[in-house]
2 protein chains.
Amino acid sequence: MLNRFIKKLQDFGPLSVDDIAALERISAAYRRVPARTDLIREGDPPTHVIVVLEGWAQRYKILPNGTRQITAFLMPGDCCDLHVGMLAQMDHSIQTVTPARIATVPSPDMDGLLDRHRNIQKAMYRAQLTDEGTLRAWIVSMGRRTSIERVAHLMCELYLRASRIGLVLTTEFELPLSQIILADALGMTPVHINRVLKDLRSQAAMSVKRGSMVIVNPVLLAQIAGFDENYLHRRLRTPS
Amino acid sequence: MLNRFIKKLQDFGPLSVDDIAALERISAAYRRVPARTDLIREGDPPTHVIVVLEGWAQRYKILPNGTRQITAFLMPGDCCDLHVGMLAQMDHSIQTVTPARIATVPSPDMDGLLDRHRNIQKAMYRAQLTDEGTLRAWIVSMGRRTSIERVAHLMCELYLRASRIGLVLTTEFELPLSQIILADALGMTPVHINRVLKDLRSQAAMSVKRGSMVIVNPVLLAQIAGFDENYLHRRLRTPS
DNA sequence: CGGTCCGTTGAGTTTAATCAAGAAACGTGG
DNA sequence: CCACGTTTCTTGATTAAACTCAACGGACCG
């Protein structure tokens with residue numbers, strides 16, 4: 001049974017038995033981490049590549065005025081920048097959202113792996129390009145979408161990403177995100193998020209629990225968001 | 001006399017004579033492009049890495065409702081994603097802002113260059129990490145900064161980036177950006193940008209010309225923005 | 001020299017933030 | 001297992017920020 005990291009990379013390109021063995025070696029050592037635990041903090045010198053095997057994490061930054069902006073969610077199989085070891089210090093922090101299983105790969109080991117396994121290298125660069133597209137899509141959302149579109153768009157992104165890694169079992173999908181986290185991800189106040197969610201609930205697009213929410217109708221959300229999934233690079237160039 | 005691309009890479013790591021010769025070969029063929037010319041459009045299959053040798057360009061995306069969001073500015077020496085050739089199609093467009101000198105490197109050539117020249121590879125990955133930091137900083141700006149802070153923050157970013165590549169000759173710095181471009185970069189309306197600039201002008205932080213603007217007091221802007229330059233990774237790990 | 005694009009300003013409207021308060025769920029320790 | 005404190009969610013009323021609409025002037029271009 002392959003771990004989420006390996007399974008995700010397989011979606012981005014073919015891997016040989018040897019590639020998979022190398023990935024298994026490198027991600028074999030993992031640790032269990034409680035929710036809301038910083039994996040690395042702004043200012044720390046990064047020495048390891050962080051790989052999320054199970055659970056959710058988030059990249060975030062705290063501003064001088066105390067507010068927080070979340071810049072990305074990491075789902076099972078996702079990892080932080082491959083070449084992060086080149087930096088003198090982190091410019092943001094990464095924290096678990098839920099209890100998680102985390103592998104930390106020493107940067108030199110990751111460099112060696114990329115060098116020796118070209119399939120892995122290609123798959124990882126494809127994954128990274130997708131992440132960058134996501135980053136740009138967030139900018140587009142924050143700049144040019146209304147608050148309800150913005151919420152719906154994030155939901156679509158998360159739903160689609162979750163689908164691809166086999167996390168969506170029915171048409172519905174439960175996210176482990178509180179309204180406070182959503183607010184910090186979308187640049188709004190929790191109060192306003194709450195009102196937007198109320199609206200989406202009344203349209204039967206989603207329902208809300210304490211500390212999490214359920215996407216009931218992703219198609220409707222996509223319509224509200226004006227969602228274009230191209231940015232997630234569903235259609236990568238056929239791997240050669 | 002080395003071109004801007006090579007000079008920029010030298011800032012990110014030491015290059016040998018051989019490295020430099022290879023970079024010169026690859027960027028020797030360039031073309032002059034007028035302002036407001038699309039270099040590549042959303043939906044196009046990317047086959048070349050775009051390198052800006054002179055002038056400014058921007059990444060942008062047009063939404064279904066016709067609005068535009070700019071997600072990045074490319075300055076002399078900057079290039080688009082190295083591995084862009086892996087994608088089936090672009091999820092955004094890239095356009096010149098000013099008249100520019102552009103080199104387009106076929107993706108396989110770029111791959112070969114990175115393979116054969118590890119110094120170049122390292123320098124480029126460092127540059128790319130910096131770009132990603134910039135992307136995240138934009139998200140933070142859009143989500144959690146007031147409009148005046150947001151404008152001031154972008155000005156600081158651009159001033160600092162321009163300084164590093166030797167584009168700032170006095171303490172002042174002229175940017176070739178219209179208020180419309182600024183508005184589309186910062187997720188505001190041109191009308192509101194105009195009022196914010198008026199405010200910054202009255203504080204003697206900047207002045208404005210038609211189609212461009214001048215940063216008069218970058219220190220004051222940094223103060224207004226709450227600017228933290230760490231995200232631009234001034235202090236990279238000492239190249240080894 | 002007429003047209004177009006950009007910048008500027010004012011007035012009115014919309015959107016989202018702020019302030020405030022209470023309810024419901026959760027966690028912990030006795 | 002219950003009591004208590006804490007966090008999250010919810011709602012209403014008010015304020016602040018930014019957008020929209022509209023109009024006009026100046027600069028640049030052919």
Side-chain angles (χ1 to χ4, degrees), chain A residues 34-37 58 63 65-70 95-99 141-154 174-202 206-214 224, chain B residues 34-37 58 63 65-70 95-99 141-154 174-202 206-214 224:
Chain A
R36 292 158 183 274
T37 308
Q58 57 191 2
L63 278 84
N65 63 21
T67 57
R68 176 177 72 161
Q69 178 65 44
I70 295 167
Q95 183 180 82
T96 55
V97 175
T98 65
S141 263
M142 311 265 284
R144 290 293 180 225
R145 276 189 251 265
T146 65
S147 55
I148 190 168
E149 289 168 354
R150 207 143 82 233
V151 172
H153 197 273
L154 178 60
E174 181 174 340
L175 302 91
L177 305 177
S178 69
Q179 296 181 15
I180 293 170
I181 289 178
L182 261 195
D184 283 342
L186 294 169
M188 310 185 202
T189 58
V191 172
H192 193 228
I193 282 282
N194 184 277
R195 294 191 229 264
V196 171
L197 287 179
K198 187 180 172 183
D199 189 352
L200 287 172
R201 213 182 317 155
S202 77
M206 13 197 342
S207 71
V208 175
K209 288 196 250 178
R210 185 191 173 81
S212 72
M213 49 205 60
V214 180
I224 294 168
Chain B
R36 291 159 182 272
T37 308
Q58 56 192 4
L63 278 84
N65 63 21
T67 58
R68 177 177 69 161
Q69 178 64 44
I70 295 167
Q95 184 180 81
T96 55
V97 174
T98 65
S141 264
M142 311 265 283
R144 292 291 181 225
R145 277 189 250 266
T146 65
S147 55
I148 190 167
E149 287 168 356
R150 206 143 83 234
V151 172
H153 197 272
L154 178 61
E174 181 174 340
L175 300 92
L177 304 177
S178 69
Q179 296 182 14
I180 293 170
I181 289 178
L182 260 196
D184 284 341
L186 295 170
M188 310 185 203
T189 57
V191 171
H192 193 229
I193 281 283
N194 184 278
R195 294 190 228 266
V196 171
L197 287 178
K198 187 180 173 185
D199 188 354
L200 288 172
R201 213 183 317 155
S202 77
M206 5 199 348
S207 72
V208 174
K209 289 197 249 179
R210 185 191 171 79
S212 71
M213 50 203 61
V214 181
I224 294 169

Interatomic spacing from [atom1] in [X] to [atom2] in [Y] - rounded to 0.5 Å:
X	Y	atom1	atom2	answer
A:Leu175	A:Thr98	CG	OG1	11.5 Å
B:His153	B:Ser141	NE2	OG	5.0 Å
A:Leu197	A:Leu182	CG	CG	6.0 Å
A:Ile148	A:Ile224	CD1	CD1	5.0 Å

Does some side-chain heavy atom of [Y] sit less than 4.5 Å from a side-chain heavy atom of [X]?
X	Y	result
B:Leu63	A:Arg145	yes
B:Val214	B:Met206	no
B:Arg201	B:Met213	no

What protein N or O atoms touch nucleotides 12-14 of chain D N or O atoms at under 3.5 angstrom, if any, and at what distances?
from, atom 1, to, atom 2, distance (Å)
D:dG12, N7, A:Arg195, NH1, 3.2
D:dG12, O6, A:Arg195, NH2, 3.3
D:dA13, N6, A:Arg195, NH2, 3.1

Side-chain donor/acceptor pairs under 3.5 Å, residues 186-193 of chain A, sequence neighbours excluded:
from, atom 1, to, atom 2, distance (Å)
A:Thr189, OG1, A:His192, N, 3.3

Please find the pair of heavy atoms, one from [X] and one from [Y], that lie closest to each other, and give the distance.
X	Y	answer
B:Val97	B:Pro176	CG1-O, 3.7 Å
A:Ala35	A:Thr96	C-OG1, 3.4 Å
A:Ile181	A:Leu177	CG2-CD2, 4.0 Å

Of B:Val208 and A:His192, whose closest DNA chain C nucleotide lies nearer the 5' terminus?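 Result: B:Val208.
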Listed partners of [X] passing side chain to side chain donor-acceptor pair (under 3.5 Å), at least two apart:
X	value
B:Thr37	none
A:Ser207	none
A:Ser212	A:Glu174
A:Arg144	B:Asp184

End-to-end axis angle, where each axis spans five pairs of the helix from C:dC1-D:dG30 to C:dG30-D:dC1, to 10°: 50°
Under a 4.0 Å heavy-atom cut-off, which of residues 141-149 of chain B touch DNA chain C? none
Any residue of residues 176-189 of chain B with a heavy atom less than 4.0 Å from an atom of DNA chain D: B:Gly187, B:Met188, B:Thr189
Spacing between B:Asn194 atom CG and D:dT20 atom P, to the nearest angstrom: 15 Å
Side chain to side chain contact (heavy atoms under 4.5 Å, CB included) partners of A:Gln95, counting only residues at least two apart: A:Asp38, A:Gln58, A:Tyr60, A:Arg68
Give the first and the last nucleotide of DNA chain C, reading 5' to 3', that has any atom under 4.0 Å from a heavy atom of chain A.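 Listing 5' to 3', DNA chain C meets chain A from C:dA16 to C:dC26.
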Could you please spell out the steps behind the side-chain contact (heavy atoms from CB on, under 4.5 Å) verdict for A:Arg150 and A:Val196? CA-CA 10 Å; A:Arg150 207 143 82 233; A:Val196 171; over 6 Å; no
Students often get this wrong, so: under 4.0 angstrom with heavy atoms, is B:Arg201 touching a base, only sugar-phosphate, or nothing? sugar-phosphate
All N/O pairs under 3.5 Å across the protein-nucleotides 26-29 of chain D interface:
from, atom 1, to, atom 2, distance (Å)
D:dG26, N2, B:Arg210, NH1, 3.0
D:dG26, N2, B:Arg210, NH2, 3.4

